[in-house]
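As the structure lists them, so they are numbered: ligands from 1, and atoms in each ligand from 1.
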Amino acid sequence: MSYNKEMFELGNHGSAIRELYEYGRKRRQIVGDMNVYDFSIGNPSIESPKIVEETLVNLIKNKKSTVLHGYTSAVGDESTRISIKNQLNKTYNANVDHNKIYLTCGAAASLAITLNALYSTHDELIVFAPFFPEYRVYSLNSGYKFVIVDPSPDFKINYESLERSINKNTKVLIINSPNNPSGAVLKEEDIIKLATYLKKKEKEFNHPIYIISDEPYREIIYDDIKYPFITNYYDDSLVCYSFSKSLSLPGERIGYIVVSSNAKDSDEIFKAVAGAGRALGYVCAPSLFQYLIANVVEETSDISKYKENRDYLYNSLKELGYELIYPDGAFYLFMKALEPNAISFMERAKKHDLLLVPSDSFGVKGYVRIAYCVSLEMIKNSIKAFKELKEEYDNEK
Ligand code: PLP
């Protein structure tokens, strides 16, 4: 065969989210932008803060272009890594070392690199349903056996299923809080419980079990919930971060990996991260955006607008009688489909020009994800369509 069959399959079948997004793009050309209620994709709708533009202009005007557009160190510019370290240590009272930070092209690259760096033969990776579908892709590409823990009623951690899934081959667990697609947030007590459980399992199996905390939505958290930074609670941990959502920069591909200074074999793991970055071709993240981050690492877009969207959408759909998971963070609402098959529910919603992602690819059946990172005006206009959809089902009872 002249090509890699597994890669062909990945390229040939795009993600369900992307397919729906493409459908929406075409549909908008026919019926007009404001008549398609496209809740398919997690593209931030809020502008980056003004300081992002100002800093970029300043960098372009004042920094020597051979430096600005040149290669940085493979692991990333040192002053940027120091800024990130300072921000993390100040905000979370953490113990991050800038020599354990690797700058990458967003959370996607952070995850692909980290999983590759930790893998050895026979290793298994645990994810908690519902999960970001691309975990499966990165996992299989590294070589892990991909193990899914069933959802718990609150979409946090189902310990009975975890206990059945964990074994001596378990090397890594991915947690994702605030969660895509459920919006659930692991609070401090949830992290303490998980850390205590895993420390026991490390002793039982006599080897480290790493937590990868995938946290592109870390700052998109509502109602004054305190974010528990994983390295403060569990030594064998790594953070995969991205500025895609917090600064509304998803197309610029910038993020980082932190290896906990207290992780078993921390120095070697960091070198393996650098090696995996090299092997996967992710050396030197985009330099202009590295220099930007050095200046704006403490900033975020105006997150209060997502909260306004959440409150309006949640309350309106609740009033219509939909069953929903209350989202403490991210910009997704997980809603029970009005029939067991979420894919046929999605098809019926489409007839009302409501684009909702079925939960199947997130590892859960019977739900849809509503990405409410859209304008409040669109959310308000969409409620009529949600109402009609509900009535259609009610009339069939
Ligand atoms: N992890 C989760 C949970 C996500 O939702 C996303 C993107 O939507 C990513 C990782 C990838 O983020 P990035 O665009 O920074 O690569």
Practice prompt. Would you mind listing which atoms of ligand 1 come within a distance below 4.0 Å of any non-hydrogen atom of Y217?
Written response: 3 (C), 4 (C), 5 (O), 8 (O)

Worksheet item: Does G42 come within less than 4.0 Å of ligand 1, judged by its heavy atoms?
Response: no

Fill in: Minimum-distance protein heavy atom relative to atom 12 (O) of ligand 1
A107 CB, 3.5 Å

Discussion item. Tell me whether E134 reaches ligand 1 (any heavy atom closer than 4.0 angstrom to a ligand atom).
Written reply: no

Item to complete: Please determine if R253 has a nitrogen or oxygen closer than 3.5 Å to a nitrogen or oxygen of ligand 1.
Response: yes

Worksheet item: For atom 10 (C) of ligand 1, which protein heavy atom lies nearest, and how many Å away is it?
Response: F132 CE2, 3.5 Å

Practice prompt. Establish, yes or no, whether a centroid distance under 6.0 Å links the rings of Y372 and Y306.
Written response: no

Practice prompt. Answer yes or no for K380 and Y312: cation-pi contact, defined as NZ/CZ to six-membered ring centre under 6.0 Å and angle to ring axis within 45°.
Written response: yes

Worksheet entry | Note, F229 side chain near V239 side chain (heavy atom, < 4.5 Å) | yes

Item to complete: Considering the heavy atoms of N176, write down every atom of ligand 1 situated less than 4.0 Å from one of them.
Response: 3 (C)

Worksheet entry | For atom 15 (O) of ligand 1, closest protein heavy-atom neighbour | S242 OG, 2.6 Å

Worksheet item: Would you say the side chains of T300 and S246 form a donor-acceptor pair under 3.5 Å?
Response: no

Discussion item. With heavy-atom distances below 4.0 Å as the criterion, list the atoms of ligand 1 near N180.
Written reply: 3 (C), 4 (C), 5 (O)

Worksheet item: Mind checking whether F155 and F128 have ring centres under 6.0 Å apart?
Response: no

Worksheet item: So which heavy atom on S244 is nearest to which on R253, and how close?
Response: OG-NH1, 3.9 Å

Worksheet item: For ligand 1, which atoms sit closer than 4.0 Å to a heavy atom of G106?
Response: 15 (O), 16 (O)

Discussion item. Using a plain distance cutoff, I'd like to know if A108 has any nitrogen or oxygen under 3.5 Å from a nitrogen or oxygen of ligand 1.
Written reply: yes

Fill in: Within-4.5 Å side-chain heavy-atom neighbours: K264 and Y210
yes

Practice prompt. Under 4.0 Å from a heavy atom of S244: give me the atoms of ligand 1 that qualify, with their elements.
Written response: 13 (P), 14 (O), 15 (O)

Worksheet item: Considering only heavy atoms of D214, which atoms of ligand 1 have at least one such atom less than 4.0 Å away?
Response: 1 (N), 2 (C), 3 (C), 10 (C)

Practice prompt. Go through the steps to decide whether K145 and D123 satisfy the test salt bridge (Lys or Arg N to Asp or Glu O under 4.0 Å), and finish with yes or no.
Written response: CA-CA 7 Å; K145 180 174 174 202; D123 280 351; over 6 Å; no

Worksheet item: Which of the atoms of ligand 1 are close to K245, meaning less than 4.0 Å from one of its heavy atoms?
Response: 7 (C), 8 (O)

Worksheet item: Under the 6.0 Å and 45° cation-pi test, does K245 pair with F331?
Response: no

